[in-house]
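Scroll down for the structure; my scribbles are underneath it.
Side chains included, hydrogens not; waters and symmetry mates left out as well; all remaining heavy atoms used.
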Amino acid sequence: GVDDRVGVAEHRPQFLGHVRHVWPEHPNQRIGDLSWGGTLVCGEVVVELGDLGDGGGEPHALAIQSLTARQHVYVIAAIAFLSLVSGYLLGEHSSAVWPYVDSFTTWASVITTYLVARKYHENWLYWVVIDTVSIPLYIDRGLNLTALLFVAYVVIAVIGYFKWRDHYRANGQVVTA
């Protein structure tokens, strides 16, 4: 439906979920219900990921799911295309030392964040690659503690993959990756 007070649609794309602006005095007020004169600084924005169903109810938790081989191809192709385009642009118009690696880690992170939000358990494998590629990037820039942090991220991603895989299998599903 449409909220007549501000003229915004209540239906939101399924992958976004509910977006609410939380004010201490009105904790359940949705962002679409705010007047245009309000400010978003005095509160906290909460994004609830999940399937909205009919668009009016509370979101429900997504089950862990698995990417098909075709979906992996699409994800990898999107990362490669975006990395090549922005790597070229960075190389031509900036002083980036490793423009293609910077572009890869950025675009792979953006796309993998979507996989996390949709609970594809293979997201952890993508994070292992992204974080591993990031380590020499940070070492090269003299950010050794950040590189060490990314080593920890690799360990966390490996553990996350196996935990999600085990949960996925425990629910009678077949892991494809």
Side-chain angles (χ1 to χ4, degrees), residues 12-20 22 40-41 43-51 59-177:
R12 289 168 179 79
Q14 197 173 28
F15 66 89
L16 285 178
H18 285 285
V19 177
R20 290 186 308 171
V22 179
L40 298 180
V41 177
E44 178 181 289
V45 175
V46 176
V47 178
E48 299 169 343
L49 296 170
D51 184 357
H60 57 294
L62 291 172
I64 295 173
Q65 49 189 333
S66 184
L67 290 169
T68 65
R70 176 175 279 179
Q71 288 171 314
H72 277 293
V73 169
Y74 290 149
V75 167
I76 292 167
I79 291 169
F81 174 76
L82 292 167
S83 298
L84 288 172
V85 170
S86 63
Y88 171 78
L89 293 172
L90 278 174
E92 292 295 315
H93 304 287
S94 77
S95 60
V97 178
W98 293 5
Y100 290 96
V101 177
D102 281 335
S103 294
F104 167 77
T105 58
T106 298
W107 285 112
S109 296
V110 168
I111 291 171
T112 303
T113 299
Y114 172 79
L115 298 178
V116 172
R118 297 308 301 160
K119 289 183 107 171
Y120 287 107
H121 80 275
E122 295 90 355
N123 83 78
W124 297 107
L125 298 176
Y126 286 88
W127 284 121
V128 168
V129 172
I130 295 163
D131 295 340
T132 301
V133 169
S134 296
I135 293 167
L137 193 65
Y138 289 120
I139 290 171
D140 181 65
R141 294 177 183 165
L143 300 169
N144 296 330
L145 289 177
T146 302
L148 184 62
L149 178 64
F150 274 74
V151 169
Y153 287 162
V154 170
V155 172
I156 291 167
V158 169
I159 292 168
Y161 173 77
F162 286 112
K163 290 218 176 250
W164 277 35
R165 186 200 63 185
D166 293 345
H167 180 78
Y168 190 72
R169 286 180 177 167
N171 290 315
Q173 299 161 313
V174 179
V175 176
T176 59

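- Atom CD1 of I139 sits about 9.5 Å away from atom CG of L148, to the nearest 0.5 Å.
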Practice task
Step by step, work out the side-chain contact (heavy atoms from CB on, under 4.5 Å) result for L84 and Y100.
Solution key: CA-CA 7 Å; L84 288 172; Y100 290 96; 4.2 Å; yes
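- Around CH2 of W164, the count of heavy atoms belonging to other residues, nucleotides or ligands within 6.0 Å exceeds 12.
- Between T132 and V128, the shortest heavy-atom distance links the atoms OG1-O, 2.6 Å.
- A donor-acceptor distance shorter than 3.5 angstrom exists from the side chain of N171 to the backbone of H167, with no hydrogens or angles considered.
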Practice task
Show the numbers, then the answer: is there a side-chain contact (heavy atoms from CB on, under 4.5 Å) between I111 and L82?
Solution key: CA-CA 10 Å; I111 291 171; L82 292 167; 4.0 Å; yes
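- Screening Y126, Y168, F162 for a ring-ring contact (aromatic ring centres under 6.0 Å, His included) involving H121 leaves a single residue, Y168.
- Of all heavy-atom pairs spanning A108 and T112, the tightest one is O-OG1, 2.6 Å.
- The line from OG1 of T105 to CH2 of W98 is 10.5 Å long, rounded to the nearest 0.5 Å.
- Partner V154 forms a side-chain contact (heavy atoms from CB on, under 4.5 Å) with one of I159, I130, V129, I135 and no other, that one being I135.
- Across all their heavy atoms, W127 and A157 have their closest contact at CB-CB, 4.0 Å.
- The two residues F150 and S134 come nearest to each other via the heavy atoms CD2-CB, 3.6 Å.
- To the nearest 0.5 Å, the span separating CD1 on I64 from NZ on K163 amounts to 11.5 Å.
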Practice task
I would like to know whether L67 and L115 meet side-chain contact (heavy atoms from CB on, under 4.5 Å); could you show each step before the answer?
Solution key: CA-CA 9 Å; L67 290 169; L115 298 178; 4.2 Å; yes
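- How far CD of Q71 is from CD of Q65: 7.5 Å, rounded to the nearest 0.5 Å.
- Closest of all the heavy-atom pairs between P99 and G87 is CB-O, 3.4 Å.
- The structure places CD1 of I79 at 8.5 Å from OG of S109, a figure rounded to the nearest 0.5 Å.
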Exercise for the section: May I have the step-by-step check of side-chain contact (heavy atoms from CB on, under 4.5 Å) for S86 and T106, ending in yes or no? Expected result: CA-CA 10 Å; S86 63; T106 298; over 6 Å; no
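- Rounding to the nearest 0.5 Å gives a distance of 6.0 Å between NE2 of H72 and OG of S66.
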